[in-house]
Undergrad: 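I'd like to ask you about the structure that follows.
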4 protein chains.
Amino acid sequence: MTKQELIDAALLHYSLHGYQGATMKKIADEVGIKPASIYFFYENKEELFIAAFQQLLDNHQKEMERVFNQSQGKEIDQIFISIIHGIVAYHKDDERGTIAYISLLTSPIPEIKKFLQAHMLHFNDWLTHSFEVLINSNYSAISEEEVDFVIKQFVLLANGIFWSINLYDGEVFEEQVKVAENYIHNIFKDLNNKYKKRNGVKEGLVVY
Amino acid sequence: MTKQELIDAALLHYSLHGYQGATMKKIADEVGIKPASIYFFYENKEELFIAAFQQLLDNHQKEMERVFNQSQGKEIDQIFISIIHGIVAYHKDDERGTIAYISLLTSPIPEIKKFLQAHMLHFNDWLTHSFEVLINSNYSAISEEEVDFVIKQFVLLANGIFWSINLYDGEVFEEQVKVAENYIHNIFKDLNNKYKKRNGVKEGLVVY
Amino acid sequence: MTKQELIDAALLHYSLHGYQGATMKKIADEVGIKPASIYFFYENKEELFIAAFQQLLDNHQKEMERVFNQSQGKEIDQIFISIIHGIVAYHKDDERGTIAYISLLTSPIPEIKKFLQAHMLHFNDWLTHSFEVLINSNYSAISEEEVDFVIKQFVLLANGIFWSINLYDGEVFEEQVKVAENYIHNIFKDLNNKYKKRNGVKEGLVVY
Amino acid sequence: MTKQELIDAALLHYSLHGYQGATMKKIADEVGIKPASIYFFYENKEELFIAAFQQLLDNHQKEMERVFNQSQGKEIDQIFISIIHGIVAYHKDDERGTIAYISLLTSPIPEIKKFLQAHMLHFNDWLTHSFEVLINSNYSAISEEEVDFVIKQFVLLANGIFWSINLYDGEVFEEQVKVAENYIHNIFKDLNNKYKKRNGVKEGLVVY
DNA sequence: GATGAATGAGCTTTCATTCAT
DNA sequence: TATGAATGAAAGCTCATTCAT
């Protein structure tokens, strides 16, 4: 379906050369049609990119959900570590998408910022709630503040890893991930000492 | 001096609208000259922006050095925390510059990427070396690996905070900083237990 | 029938935005079909507009004939005044058509100008002949030159009123009409003094 | 001066092919520059045409004033006849301008309609006032209503002649002018019978 | 009858750049 | 130093038209 091909081509050239650099001609060439034909599918360049960015954010959300769900059934520290690995895998696998994702922050299309903010809010809500459920199902009698603090630590780590993806390669980056893993271990070692762990709950846990 | 004004204007419009959005006309208007006159100072747009980005990175380096030096003379954990605050202050104070800094990663000018990578390498070397000196001057008999690990933890935290600057506002962000502070405290609480602290060394330390 | 709807839509958009402004898309939208479908009914845009303009001119001719015939059976000065009112009513009632009619004079389609000229000639012939019959049937022994002169005065007045329609509104225009009525009265007051009026002829008059 | 050449070229092509037909390319070709160069002188197409139409209307106003002033010093009926001839000469001399003038009525540029209406109001005021002064200076004790009526008759005639310019050629048109002349004669023959003519005033008359 | 999909030609406009002055 | 005037190249976009289905 050409609409999808157009979105892919749009994101490709956006990640390579930015919004102004992703010309209708380049996008059309990529798909194998003429620039005028794009206008049969999308009203104008902005509409095409709104659709493209919308998809980028939707995919991000879905992928993060997949990563989260796939990690269930392990020890809780391993779940958090898996999520870090999932985030890394997702962004390393789709560097184009990641670059596009980052540069949305400086997007010249005002409407895009609205989408981005809405996505961020929704994503944060989902993440927070999912983690709350997860942590509470692992520790009985854990205080709300403690849950909140765990999540904040994880978010800070995840942000650190995310930005490291864009800065470092190879071994340097691998060691950043190890540092994050170590930190996560420590978080839960402390929790295990403070709160009684629940039993037999995890296998039944389904997030949603 | 008009060259400096041109660089400032270039960075201003780059941060607002990206490379293609920072037109020679807008930059000239900002400075109060005509576009044709820019070519008296710079060969072309790319040369102007190379100079501008060079300056941006130099400023960043200098500012980070200033932050580092200004933090000396305190307890070592307070030094690291001060540096975090310094980074935050610097980027919060110059959001335009920060946006420009981030979008250099997706710069359409190949030569720029070279500059950015060179800067990153140099900045990392400086940071690593400065921290090595700092840590070694605080703990005697600390192993190289341990020093390395401390630095990596700090870098991960700093990256997390840096990205958080771009995502969160107000209280949400403040709490991220507190989480980072808490983490730093713990790093050095552990170190203090493991290694003997040196005395009276700090005042002699100068980082450059 | 779609052909008629297309003509109506074409004239509507022509009167609103001119020939180039009346796009195949707008015309198709108006009728509720797709632009490609127009080509089933008309070879191309020019053909459609030739048909549309042809109809516009035919309607004009028919309407003027209707106005003329409807006015029969009155005193001769009242007939001419009725015709003025008929012209005004026709054009005020269909301002779109009138604007289209006027802008045919500046039509970018050469073939249209031919149609317009042919229509004008035919219309003039009809008008002149109809008025000749009418005047001769009212006055015996009236000279050909005098008949001609009456017609020319009327045509000048009618043209004045026609252009006034496009320039003035409300009371200003109403008074223009009154001036024309007064003039017509005077024409026939003079004629009545100079020529003997015929009796009982009018019912036999049929104009076609 | 290129700005003036651009306006002339714009009006030429507007009169030939309408607003959409007067492309920036054609106008540039006419002047001997490239389309992009037009934008050095005018912000965009609309600005160019606003300037062009403004000039067209200004010229019209000035020319009508010149015609009016040049006619002074004759018998009053000859003055009105001279004005008719002046209008005819002006429009016959500049048929392009006249066609442009007419098609302003259906202009697709909203701002143009504002200009046109303002011009019409101003022109009407000037005409009415000039004629009032002229008539009052020729007839003592003439009533306001009578002056008004004379002006309205003239306006109707002038509109009739104006529209005839666009419809008829050669002898047919000449005879329309003669009909108008005859009508004007009659207006003032009647006035001369009703009102005492003033003496020795006309040479001192200055209109403005 | 109707249209989804495509396109060539051409439009207005922007922009980095040049060059004589 | 500075700029008025110009331009080539390319951008986004429109539109009449085609054609297989």
Side-chain angles (χ1 to χ4, degrees), chain A residues 1-3 6 17 19-28 31-49, chain B residues 1-3 6 13 17 19-29 31-49, chain C residues 1-3 6 13 17 19-29 31-49, chain D residues 1-3 6 17 19-28 31-49:
Chain A
M1 197 249 253
T2 315
K3 278 188 120 179
L6 282 170
H17 307 111
Y19 185 72
Q20 328 264 358
T23 66
M24 297 306 253
K25 168 123 183 44
K26 282 185 199 152
I27 294 168
V31 174
I33 59 177
K34 305 290 165 188
S37 304
I38 299 179
Y39 294 83
F40 180 77
F41 299 97
Y42 293 97
E43 282 253 305
N44 51 39
K45 189 178 177 181
E46 190 167 330
E47 285 247 320
L48 167 60
F49 273 88
Chain B
M1 195 250 253
T2 315
K3 279 188 115 177
L6 282 170
H13 286 282
H17 306 111
Y19 185 72
Q20 329 264 356
T23 66
M24 297 303 257
K25 168 124 186 39
K26 282 186 199 151
I27 293 167
D29 280 356
V31 174
I33 60 177
K34 303 291 165 186
S37 306
I38 298 179
Y39 293 82
F40 180 80
F41 299 97
Y42 294 97
E43 279 263 303
N44 52 37
K45 188 177 178 181
E46 192 167 329
E47 286 246 320
L48 166 59
F49 271 88
Chain C
M1 197 250 254
T2 315
K3 280 187 115 177
L6 281 171
H13 286 283
H17 306 111
Y19 185 73
Q20 328 265 356
T23 65
M24 298 301 257
K25 168 126 183 38
K26 282 186 199 152
I27 294 168
D29 280 356
V31 174
I33 59 177
K34 303 291 165 186
S37 306
I38 298 179
Y39 292 83
F40 181 80
F41 299 98
Y42 293 98
E43 279 263 305
N44 52 38
K45 190 178 178 181
E46 191 167 331
E47 287 247 320
L48 166 60
F49 272 88
Chain D
M1 195 248 255
T2 315
K3 279 188 120 179
L6 282 171
H17 307 111
Y19 185 73
Q20 329 262 358
T23 66
M24 298 304 255
K25 168 127 184 36
K26 282 186 199 152
I27 293 168
V31 174
I33 58 177
K34 304 290 164 189
S37 305
I38 299 179
Y39 293 83
F40 180 76
F41 299 97
Y42 294 97
E43 282 255 305
N44 51 39
K45 189 178 177 180
E46 190 167 331
E47 286 247 321
L48 167 59
F49 273 89

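By convention in this document, chain letters (A, B, ...) are assigned in the order of the sequence lines, proteins followed by strands, and residues within each chain are numbered from 1.
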Undergrad: NZ of C/Lys26: more than 12 outside heavy atoms within 6.0 angstrom?
TA: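 Atom NZ in C/Lys26 is packed in, count exceeds 12.
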
Undergrad: Check the distance between F/dG4's P and B/Lys34's NZ and give it to me in whole angstrom.
TA: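 In whole Å, F/dG4 P and B/Lys34 NZ are 5 Å from each other.
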
Undergrad: Is there side-chain contact between B/Val31 and B/Ile38, with at least one heavy-atom pair below 4.5 Å?
TA: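 Not touching, per the 4.5 Å side-chain cut-off.
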
Undergrad: Just call it for B/Thr23: base, sugar-phosphate, or nothing, with non-hydrogen atoms closer than 4.0 Å on any strand.
TA: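 Sugar-phosphate, backbone atoms only, no base.
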
Undergrad: Of A/Lys26 and D/Ile38, whose closest DNA chain F nucleotide lies nearer the 5' terminus?
TA: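 Closer to the 5' end of DNA chain F: D/Ile38.
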
Undergrad: Which heavy-atom pair separates C/Gln20 from D/His17 by the least distance, and what is that distance?
TA: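 Minimum heavy-atom contact is NE2-O, 4.2 Å.
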
Undergrad: F/dA5, F/dC15, F/dG8: which one has an atom nearest the side-chain heavy atoms of A/Ala36?
TA: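 Closest nucleotide among those given: F/dC15.
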
Undergrad: Roughly, in whole Å, what's the span from CD in B/Glu47 to P in E/dA16?
TA: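 After rounding, the reported distance stands at 15 Å.
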
Undergrad: Between B/Glu46 and D/Glu46, who's closer to the 5' end of DNA chain E by nearest nucleotide?
TA: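 Final value for this comparison: D/Glu46.
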
Undergrad: Using a cut-off of strictly less than 4.0 Å, decide whether B/Ser37 has a side-chain nitrogen or oxygen near OP1 or OP2 of F/dT3.
TA: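 B/Ser37 to F/dT3 OP1/OP2: side-chain N or O found under 4.0 Å.
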
Undergrad: What is the distance, to the nearest angstrom, from the OH atom on A/Tyr42 to the P atom on F/dG12?
TA: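 Value for this atom pair: 16 Å.
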
Undergrad: Looking at every heavy atom in both D/Pro35 and D/Ala28, which two are closest together, and how far apart are they?
TA: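 So the two residues come closest at N-CB, 3.5 Å.
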
Undergrad: Would you mind reading off the distance between A/Met24 atom CE and E/dT13 atom P, rounded to a whole angstrom?
TA: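 Interatomic distance, CE of A/Met24 to P of E/dT13: 19 Å.
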
Undergrad: Heavy atoms from C-beta onward define the side chain here; which of E/dA2, E/dT17, F/dA6 lies closest to that of C/Phe41?
TA: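 My answer, after comparing the listed nucleotides, is E/dA2.
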
Undergrad: Starting at the 5' end of DNA chain E and moving along, which residue's nearest nucleotide shows up first, B/Lys25 or D/Lys45?
TA: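 In this pair, the answer is D/Lys45.
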
Undergrad: Rounded to whole angstrom units, what separation is found between the NE2 atom of D/His17 and the C1' atom of E/dG10?
TA: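 Answer to the nearest Å: 15 Å.
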
Undergrad: Specify the separation, in whole Å, of atom CG of C/Asp29 and atom P of E/dT3.
TA: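 After rounding, the reported distance stands at 11 Å.
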
Undergrad: Considering Watson-Crick and G-U wobble pairs with both distances under 3.5 Å, what does E/dT12 pair with?
TA: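 E/dT12 is paired, partner F/dA11.
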
Undergrad: Identify which nucleotide among F/dA5, F/dA16, F/dC13 has an atom closest to any side-chain atom of D/Phe40, counting heavy atoms from C-beta outward.
TA: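 Of F/dA5, F/dA16, F/dC13, F/dA5 is nearest to the side chain of D/Phe40.
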
Undergrad: If I take atom CG in residue A/Asn44 and atom P in nucleotide F/dA11, what distance separates them, rounded to the nearest angstrom?
TA: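 Roughly 17 Å, once rounded to whole Å.
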
Undergrad: For DNA chain F, whose closest nucleotide is more 5', that of C/Gly21 or that of C/Glu43?
TA: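 By nearest-heavy-atom nucleotide position, the 5'-most residue is C/Gly21.
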
Undergrad: Reckon C/Tyr39 touches a base, only the sugar-phosphate, or nothing at all at heavy-atom distances under 4.0 Å?
TA: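 The answer is base, as C/Tyr39 lies within the cut-off (heavy atoms under 4.0 Å) of a base atom.
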
Undergrad: Tell me: CD of C/Gln20 to P of F/dC13, nearest whole Å?
TA: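 Answer to the nearest Å: 21 Å.
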
Undergrad: On a heavy-atom basis, which atom in C/Phe41 and which in C/Leu6 lie closest, and how many Å separate them?
TA: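 Smallest interatomic distance, heavy atoms only, reads CD1-CD1, 3.8 Å.
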
Undergrad: From the options F/dT17, F/dA6, E/dT7, select the nucleotide whose nearest atom is closest to the side chain of A/Ile33.
TA: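 So the side chain of A/Ile33 is nearest to E/dT7.
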
Undergrad: Does the ring of A/Tyr19 carry A/Lys45 above it, NZ/CZ under 6.0 angstrom from centre and within 45° of its axis?
TA: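 The answer is yes; both the distance and angle limits are met.
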
Undergrad: Pairing check on F/dA2: which nucleotide meets the Watson-Crick or G-U wobble criteria with it, both distances under 3.5 Å?
TA: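 F/dA2 is paired with E/dT21.
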
